[in-house]
There are 2 protein chains.
Amino acid sequence: MRQPFLGTHINKIDAKGRVSVPAAFRQVLAEDAFAGVVCFPSFTSEALEGCAMGFMNEISNSVAERYELFSNDQEDLSDLIFAESATLAWDSNGRIQLPPEMIAFARLEGTAAFVGMGKTFRIWEPETLARSQAERRAQAREKGLSLRLRSAGPESRPDSRPESAS
Amino acid sequence: MRQPFLGTHINKIDAKGRVSVPAAFRQVLAEDAFAGVVCFPSFTSEALEGCAMGFMNEISNSVAERYELFSNDQEDLSDLIFAESATLAWDSNGRIQLPPEMIAFARLEGTAAFVGMGKTFRIWEPETLARSQAERRAQAREKGLSLRLRSAGPESRPDSRPESAS
DNA sequence: CCCTAGCCCATGCTATCCCACGAAATCCCA
DNA sequence: TGGGATTTCGTGGGATAGCATGGGCTAGGG
């Protein structure tokens with residue numbers, strides 16, 4: 001069982017283009033055999049998507065099994081993911097080096113915000129992130145999304161008490 | 001089966017920003033593999049929400065199962081929940097260190113009130129808590145709210161305290 | 001021959017560990 | 001049933017290890 005990626009960590013990109021992957025994320029990623037990260041440009045945001053190698057495998061398998069991770073339309077996306085993703089091994093200090101295209105895509109300049117998203121994480125230019133979050137928060141409030149959190153996944157809650165219902 | 005978080009415990013925050021997690025809560029959290037707490041700002045109050053890592057995992061999985069990967073809703077939820085949460089491991093004495101943003105969010109100053117909420121708990125600045133409780137009580141009175149003993153429905157969440165017990 | 005990727009070492013900072021103390025709750029036995 | 005002994009819990013402070021970051025050194029490729 002893999003722990004989720006949690007929290008937001010802002011790190012610097014040094015002159016050589018290196019960034020420390022937050023220790024907390026490295027710990028999560030350490031459950032994977034590959035000592036590093038897989039990155040690809042996000043489809044929906046001006047940010048990079050990051051995950052463990054194992055997650056890529058899941059995507060690959062899910063698509064093959066037609067598991068419901070992707071809808072039909074989204075299957076095409078998997079092709080894109082694999083094509084545009086890069087495997088970034090970290091050095092002995094836990095730093096990775098982002099390829100120039102990715103730096104450009106997310107418009108990173110000097111700092112990078114690593115944002116936990118559960119099964120994946122994102123890498124943002126901090127200012128862009130702030131703007132995006134404000135927007136998202138407004139939307140969520142509008143839709144009342146936060147309320148649904150409470151009942152998230154009623155079928156998969158192992159600790160709901162079977163106590164002879166209602 | 002997880003015991004619920006119960007009661008209110010007020011502890012001090014020391015110069016280093018450390019707080020003892022109440023022993024009673026630690027006992028509940030001990031059922032989880034991760035020796036610590038996950039915290040995030042509450043959506044509805046000027047307080048911090050706390051829970052076990054396992055609870056976060058459940059949310060992570062439910063979100064993944066319920067929404068399509070890369071759908072807007074999935075991202076909104078993930079952003080709201082995971083991005084702002086922190087994993088706080090406790091030391092050998094059962095203390096955690098609250099990140100500055102969280103201290104700021106709940107306006108904590110020197111003391112923290114841990115309030116059991118069943119599956120989760122909250123961390124309040126004691127004065128803020130008192131005000132909030134008074135308000136809530138007034139509202140309840142106004143509405144003529146009376147407690148009805150309902151066995152647990154899918155999302156019944158008994159967060160009203162039966163009496164202002166001492 | 002220069003530029004870059006990869007590697008290792010150095011450093012300041014902060015979180016974490018460890019030990020100690022005091023108060024309160026608990027236990028135990030008369 | 002009461003009082004002393006013992007344990008647990010919350011709190012404080014010093015020591016230590018881990019983390020993020022900067023810089024230098026080497027080897028290989030254009």
Side-chain angles (χ1 to χ4, degrees), chain A residues 3 5-30 34-37 39 50 86-104 108-116 121 123-126 129, chain B residues 3 5-30 33-39 48 50 53 85-104 108-116 121 123-126 165-166:
Chain A
Q3 285 184 350
F5 292 102
L6 293 179
T8 297
H9 311 262
I10 298 184
N11 286 341
K12 288 189 186 170
I13 306 175
D14 69 11
K16 296 184 184 177
R18 297 175 298 182
V19 213
S20 286
V21 177
F25 285 12
R26 260 180 284 154
Q27 228 163 342
V28 177
L29 292 162
F34 174 65
V37 178
C39 269
T87 65
L88 309 174
W90 53 59
D91 64 16
S92 53
N93 284 350
R95 283 183 289 197
I96 57 173
Q97 187 153 23
L98 295 169
E101 324 91 68
M102 296 201 175
I103 301 256
L108 300 177
E109 301 169 359
T111 53
F114 289 74
V115 182
F121 61 89
I123 304 177
W124 291 83
E125 155 66 26
L129 169 65
Chain B
Q3 285 181 352
F5 295 101
L6 292 178
T8 297
H9 311 261
I10 299 184
N11 286 341
K12 285 190 188 170
I13 306 176
D14 70 12
K16 295 185 185 176
R18 297 177 297 183
V19 213
S20 285
V21 176
F25 286 12
R26 258 180 285 154
Q27 225 162 344
V28 177
L29 291 161
F34 174 67
V37 178
V38 179
C39 272
L48 304 174
M53 178 65 84
S85 61
T87 66
L88 309 176
W90 53 57
D91 62 16
S92 50
N93 285 349
R95 282 181 291 194
I96 57 173
Q97 186 153 25
L98 295 170
E101 323 91 65
M102 297 203 174
I103 301 254
L108 300 177
E109 301 169 0
T111 54
F114 289 74
V115 182
F121 59 89
I123 304 176
W124 291 83
E125 156 67 28
S166 55

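In what follows, chains are A, B, ... by sequence order, proteins preceding strands, each numbered from 1. Side chains are part of it too, since the values below use all heavy atoms of this structure and drop only hydrogens, waters and symmetry mates.
Looking at every heavy atom in both residues, Ala112(A) comes nearest to Val19(A) through CB-CG1, 4.2 Å. Taking every heavy atom of both residues into account, Pro99(B) and Ala86(B) meet most closely at CG-CB, 4.2 Å.
Within 6.0 Å of CD in Glu101(A) there are more than 12 heavy atoms belonging to other residues, nucleotides or ligands.
Just one of Ile123(A), Leu129(A), Ile10(A) meets the side chain to side chain contact (heavy atoms under 4.5 Å, CB included) condition when paired with Val115(A); it is Leu129(A).
Remark: Arg95(B) is not in phosphate contact with dG13(D), judged by side-chain N or O atoms under 4.0 Å from OP1 or OP2. Using a 4.0 Å cut-off, no side-chain N or O of Gln97(B) falls inside it from OP1 or OP2 of dT14(C). The side chain of Asn93(A) places no N or O atom within less than 4.0 Å of a non-bridging phosphate oxygen (OP1 or OP2) of dT21(D).
When the P atom of dG12(D) is taken as reference, atom CG of Asn11(B) falls 11 Å away, rounded to whole Å. Here dG10(D) presents its C1' atom at 14 Å from CD1 of Ile10(B), a figure rounded to the nearest Å. One atom, CZ of Phe114(B), and another, P of dC9(D), lie 15 Å apart when rounded to the nearest Å. Between the NZ atom of Lys12(B) and the P atom of dA23(C) there is a distance of 12 Å, given to the nearest Å. Note: CG (Asp91(A)) to P (dA20(D)) measures 12 Å, nearest angstrom. To the nearest angstrom, C1' of dC19(D) lies 7 Å from CZ of Arg26(A). One atom, CG of Leu88(B), and another, C1' of dT16(C), lie 13 Å apart when rounded to the nearest Å. One atom, CG of Leu98(B), and another, P of dT14(C), lie 17 Å apart when rounded to the nearest Å.
Side-chain N/O atoms of Arg18(B) and base N/O atoms of dG10(D) include no donor-acceptor pair closer than 3.5 Å. The base of dG14(D) is paired with the side chain of Lys16(B) by a donor and an acceptor separated by under 3.5 Å.
When heavy atoms are screened at a 4.0 angstrom cut-off, Asp14(B) is found touching the sugar-phosphate backbone but no base atom. Nucleic acid contact for Val19(A): none, since no nucleic acid atom lies under 4.0 Å from a heavy atom of the residue.
Taken from CD in Glu125(A) to CD1 in Ile103(A), the straight-line distance is 10.5 Å, to the nearest 0.5 Å.
Closest-nucleotide positions on DNA chain D for Ile13(A) and Ile13(B) were compared, and the one nearer the 5' end corresponds to Ile13(B).
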